[in-house]
Structures are given as C-alpha cells and as structure tokens.
Participant: 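Structure incoming, see below.
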There are 2 protein chains.
Amino acid sequence: MKIGELAHVAQCTVETVRYYEKEGLLPAATRTAGNFRQYGPAHVERLRFIRNCRALDMSHGEIRTLLSLADQPGAGCGAINAVFDQHIAHVDERIQELVQLKAQLSSLRKRCQAEQAVDACGILHGLAAMETEAKHKRHTHLG
Amino acid sequence: MKIGELAHVAQCTVETVRYYEKEGLLPAATRTAGNFRQYGPAHVERLRFIRNCRALDMSHGEIRTLLSLADQPGAGCGAINAVFDQHIAHVDERIQELVQLKAQLSSLRKRCQAEQAVDACGILHGLAAMETEAKHKRHTHLG
DNA sequence: CCACACCCTGAAGCTACTATAGAGTCAATG
DNA sequence: CATTGACTCTATAGTAGCTTCAGGGTGTGG
Ligand SMILES: [Zn+2]
Ligand SMILES: [Zn+2]
Ligand SMILES: [Zn+2]
Ligand SMILES: [Zn+2]
C-alpha cells in the first residue's frame with residue numbers, strides 16, 4: 001500500500017507518517033520504481049500502535065522506549081509496565097496541577113460578579129495583585 | 001532599572017523579558033547611552049501581570065487581549081470577564097480530557113498484573129488492539 | 001495528450017521559551 | 001589607568017510534534 005492508504009487506516013496524515021519515519025519511530029519503507037513508499041501489514045500495525053500511544057498522550061520518547069522493548073519478545077515486560085506507570089503518573093500530576101489552577105482561576109473569577117468599568121474590574125486587580133512566583137519546572141511532557 | 005533587576009522582581013529570566021519585548025507583550029524600553037534597556041515601575045507592573053497570567057497558563061494571545069482591554073480603562077470589563085471565562089473553560093476541558101485518559105490508562109494497566117514475557121504483556125496487546133481514532137482537534141492551548 | 005489525484009523533498013511555521021556565541025558596557029579594584 | 005568580572009547586547013538555533021508550503025515528479029482515466 002502507498003502512504004495515503006496507510007495514513008488512512010491509521011487515521012493520520014501522510015505528513016505525519018513521513019515525520020515518524022524521519023524521527024525513526026516508523027522504519028523506512030521500501031520504494032517503488034517511481035520512488036513511492038511501499039508499506040505492508042507490519043507497518044500498519046506499528047503505525048497504529050504509535051497512534052494509539054499518541055492518543056494516550058505519550059511522548060515520542062516513551063513510545064520509542066515501548067517499541068524497542070516490544071522488539072525483544074523474549075524479555076520480561078517489567079520495563080514496559082514501568083514506562084506505563086510513569087506515564088500514568090505524568091497524567092496524574094498534570095491533572096493535579098490543572099485542578100489547582102482551576103481553583104485559583106475560580107477564586108479570581110468571583111472578584112468580578114457584574115460587568116463594570118475596566119478600572120474597577122476585580123479580575124484585573126486580582127491578576128495585578130497576585131504573588132508573582134518563580135516558574136516551577138515541569139516534570140512531565142504534558143503541557 | 002536594568003533588565004536583570006526587572007527579571008528578578010518578576011521572577012523570570014532576562015531572556016524571557018527580551019522575548020516578551022520582541023513579541024510585543026512588553027513595550028520596548030528606553031535605552032541608556034550604552035544601549036542597555038532602562039525600565040520603570042510601569043514595566044514592572046506590566047511584566048508581573050504577564051507572568052501572573054502565564055502562571056495561570058494563559059496563552060500569549062489571551063494575555064495580549066487582556067492587556068489591550070486593560071489599556072482602555074473607560075470601557076466596560078465584560079470582554080475581560082469573557083476572556084477569563086473562556087480560559088477557565090480551557091482548563092476545564094483539558095482536565096476532562098486528562099481524567100478520561102487516566103481512566104483509559106488505568107484500565108489498560110490492569111491487563112498486566114504481574115511481570116511476564118513481553119509477548120504476553122496485556123498492556124502491549126491492549127495498545128495494539130485499541131481502536132485507532134482520528135485525532136480530535138484541540139480546542140484549547142493547554143497541551 | 002492532458003487533466004487530476006497522488007506522491008516526492010526540503011524548508012518554514014507554530015508556542016513559549018531556552019541556550020548558545022561573540023561582542024560591548026560599566027563599576028570597582030590594583 | 002588598565003584590567004577584571006558582572007552584566008548587557010544581537011542574532012541564531014534548538015525544543016515537541018507536528019502542519020503547511022513551494023516546487024516539483026508519478027500514474028491513471030478519458
Ligand atoms: Zn508520559
Ligand atoms: Zn470584570
Ligand atoms: Zn486559555
Ligand atoms: Zn506487562
């Protein structure tokens with residue numbers, strides 16, 4: 001199959017497929033006489049795997065690790081489980097951050113119940129009066 | 001004050017300050033004879049405002065809008081409240097997404113309770129068997 | 001033979017910074 | 001007065017995960 005069909009079955013764009021090849025996530029395809037990429041079932045499987053991981057917001061690094069672990073079928077799956085657990089922790093951490101953020105936002109929001117002049121807007125005043133704090137380093141790849 | 005001091009009081013780096021100037025979030029400073037940027041209290045206030053907004057994960061677009069609205073002190077603050085509400089919605093939406101994601105991840109995680117051979121790892125099989133779905137457009141700027 | 005759908009490469013754009021390199025400024029010290 | 005060291009300047013490239021574009025080539029139906 002050609003790249004368009006592969007992209008279609010994996011629900012992504014041809015540009016994404018080419019990008020994954022360049023990044024080394026997807027092995028390079030063989031080429032036809034006209035220099036078109038030619039894919040088989042193994043590519044479909046791998047690309048679908050990658051897209052599924054991406055749908056779970058895993059990073060390319062995490063996916064790369066999973067793929068290379070999966071390519072050693074004899075080994076134990078402990079490392080796989082570990083990567084997975086770490087990623088769950090990433091999601092968890094980001095949820096915590098966002099919940100905190102939402103609380104902060106909601107409390108600010110209460111400061112302006114009815115529309116008024118900009119000068120008097122409690123939200124604006126609240127934003128100006130906030131304690132400016134140093135950016136804390138992000139431990140996860142989830143923005 | 002010079003850029004280093006400004007960065008210090010606003011808890012960010014000098015590179016970030018210069019970046020904000022280039023992006024038009026922070027107005028250009030006057031320069032000393034030696035071409036150093038020279039800042040006053042208005043810059044401090046504005047930069048702190050920007051950093052506080054960023055601490056709430058607002059996008060530069062949102063901040064730009066807030067700043068330009070704040071620069072019309074006579075007008076009503078309805079538009080400000082609206083931007084704010086939209087951003088709260090962004091956070092909310094992302095939280096929902098991540099909570100769903102976590103549920104999916106947890107259910108996958110259950111498929112491999114004890115370490116075993118990679119071939120048999122339920123997580124790997126689960127990832128391969130997932131319904132590959134088209135990427136849904138993100139309505140928020142929160143990754 | 002031509003239109004049209006598909007494919008190719010390489011480079012730039014997106015967000016919000018961060019990190020260099022290489023050079024200039026300035027206050028304090030010897 | 002010369003030098004050191006902390007600070008500043010510009011310009012450029014890198015980060016993640018793509019998307020978009022420009023400028024071509026390939027292949028099929030009429
Ligand atoms: Zn992760
Ligand atoms: Zn208001
Ligand atoms: Zn927002
Ligand atoms: Zn396992």
Side-chain angles (χ1 to χ4, degrees), chain A residues 1-26 28-39 43 47 50-65 67 87 90 94 134-143, chain B residues 1-26 28-39 43 47 50-65 67 87 90 94 134-143:
Chain A
M1 65 182 11
K2 282 185 289 185
I3 197 169
E5 197 183 341
L6 175 65
H8 183 76
V9 304
Q11 299 276 55
C12 67
T13 69
V14 303
E15 287 83 11
T16 299
V17 175
R18 287 197 281 250
Y19 175 66
Y20 288 166
E21 179 183 319
K22 196 166 53 177
E23 289 299 291
L25 285 176
L26 200 59
T30 57
R31 300 294 182 116
T32 67
N35 198 32
F36 286 12
R37 286 173 182 84
Q38 190 70 24
Y39 296 100
H43 286 102
L47 180 53
I50 295 169
R51 291 308 295 171
N52 291 341
C53 289
R54 287 294 302 137
L56 297 170
D57 264 6
M58 292 183 199
S59 70
H60 282 194
E62 286 166 336
I63 298 171
R64 218 184 297 278
T65 304
L67 285 171
H87 181 61
H90 296 160
R94 184 58 174 154
K135 192 175 61 173
H136 53 284
K137 255 175 219 151
R138 170 137 298 159
H139 309 296
T140 89
H141 53 87
L142 298 172
Chain B
M1 66 181 15
K2 283 185 289 184
I3 196 168
E5 196 183 342
L6 175 64
H8 183 75
V9 303
Q11 298 277 55
C12 67
T13 68
V14 303
E15 288 82 13
T16 299
V17 176
R18 288 196 281 248
Y19 175 66
Y20 288 166
E21 179 182 320
K22 196 166 56 177
E23 289 298 293
L25 285 176
L26 200 59
T30 57
R31 301 294 183 115
T32 66
N35 198 33
F36 286 11
R37 288 172 182 82
Q38 190 70 22
Y39 297 100
H43 286 102
L47 180 54
I50 296 169
R51 292 308 295 172
N52 290 341
C53 288
R54 288 293 303 136
L56 297 170
D57 262 8
M58 293 184 198
S59 70
H60 281 193
E62 288 166 335
I63 298 170
R64 217 183 298 277
T65 304
L67 285 171
H87 181 61
H90 296 159
R94 184 58 174 154
K135 192 176 56 172
H136 52 285
K137 254 175 222 153
R138 173 141 293 164
H139 309 296
T140 91
H141 52 89
L142 299 172

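Residue numbers begin at 1 in each chain, while the letters A, B, ... track the order of the sequences.
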Participant: By the 4.0 Å heavy-atom rule, please label A:Arg31 as base, sugar-phosphate, or nothing.
Facilitator: sugar-phosphate
Participant: Is the shortest side-chain heavy-atom distance between A:His90 and A:His139 below 4.5 Å?
Facilitator: no
Participant: Any chance you could measure B:Leu25, atom CG, to B:His60, atom NE2, to the nearest 0.5 Å?
Facilitator: 5.5 Å
Participant: Specify the closest pair of heavy atoms between B:Gly4 and B:Val14, including all atoms of both residues, with the distance to one decimal.
Facilitator: CA-CG1, 3.8 Å
Participant: Do the side chains of B:Arg64 and B:Glu23 get nearer than 4.5 Å, heavy atoms only?
Facilitator: yes
Participant: Could you give the distance from CG (A:Leu6) to CG (A:Leu26), rounded to the nearest 0.5 Å?
Facilitator: 6.5 Å
Participant: Just the rounded figure in Å: distance from C1' of C:dA16 to CZ of B:Arg64.
Facilitator: 11 Å
Participant: Residues of residues 10-24 of chain A with any non-hydrogen atom less than 4.0 angstrom from an atom of DNA chain D: list those, numerically ordered, please.
Facilitator: A:Thr13, A:Glu15, A:Thr16, A:Tyr19, A:Tyr20
Participant: Decide yes or no for B:Tyr39 and B:Leu47: does some side-chain heavy atom of the first lie under 4.5 Å from some side-chain heavy atom of the second?
Facilitator: no
Participant: Take atom NE2 of B:His90 and atom P of C:dT15, then tell me their distance rounded to the nearest Å.
Facilitator: 14 Å
Participant: Each nucleotide N or O in nucleotides 21-27 of chain C that has a protein N or O under 3.5 Å away: list the pair and distance.
Facilitator:
| from | atom 1 | to | atom 2 | distance (Å) |
| --- | --- | --- | --- | --- |
| C:dC26 | OP1 | B:Gly34 | N | 3.3 |

Participant: Figure out the NE2/C1' separation between A:His8 and C:dA5, and round it to whole Å.
Facilitator: 16 Å
Participant: Do A:Leu67 and A:Ile63 touch side chain to side chain, with heavy atoms closer than 4.5 Å?
Facilitator: yes
Participant: In chain order, what residues pass the side-chain contact (heavy atoms from CB on, under 4.5 Å) check against B:Thr13, with sequence neighbours excluded?
Facilitator: B:Glu15, B:Thr16
Participant: With a non-hydrogen cut-off below 4.0 angstrom, is A:His60 in contact with a base, only sugar-phosphate, or nothing?
Facilitator: sugar-phosphate
Participant: Applying the side chain to side chain contact (heavy atoms under 4.5 Å, CB included) criterion to B:Arg37, which one of B:Glu21, B:Met1, B:Lys2 satisfies it?
Facilitator: B:Glu21
Participant: Rounding to 10°, can you tell me the angle the first-five-pair axis of the helix from C:dC1-D:dG30 to C:dG30-D:dC1 makes with its last-five-pair axis?
Facilitator: 40°
Participant: At their closest point, which heavy atom of B:His87 faces which heavy atom of B:Glu62, and how far apart are they?
Facilitator: ND1-OE1, 3.2 Å
Participant: Could you list the residues that satisfy side chain to side chain donor-acceptor pair (under 3.5 Å) with B:Tyr20, not counting sequence neighbours?
Facilitator: B:Arg51
Participant: In whole angstrom, give the distance that lies between atom CZ of A:Arg138 and atom P of C:dA16.
Facilitator: 12 Å
Participant: When you measure from the side-chain N and O atoms of B:Arg51 to the phosphate of C:dC17, is any distance below 4.0 Å, counting only OP1 and OP2?
Facilitator: yes
Participant: What is the first contacted nucleotide of DNA chain D and what is the last, in 5' to 3' order, if contact means an atom lying under 4.0 angstrom from a heavy atom of chain B?
Facilitator: D:dT8 to D:dT19
Participant: Please give, in whole Å, the distance from C:dC17 C1' to A:Lys137 NZ?
Facilitator: 14 Å
Participant: For residues A:Arg94 and B:Leu142, report the shortest heavy-atom separation together with the two atoms involved.
Facilitator: NH2-CD2, 4.1 Å
Participant: Whole-Å distance between C:dT15 C1' and B:His141 NE2?
Facilitator: 11 Å
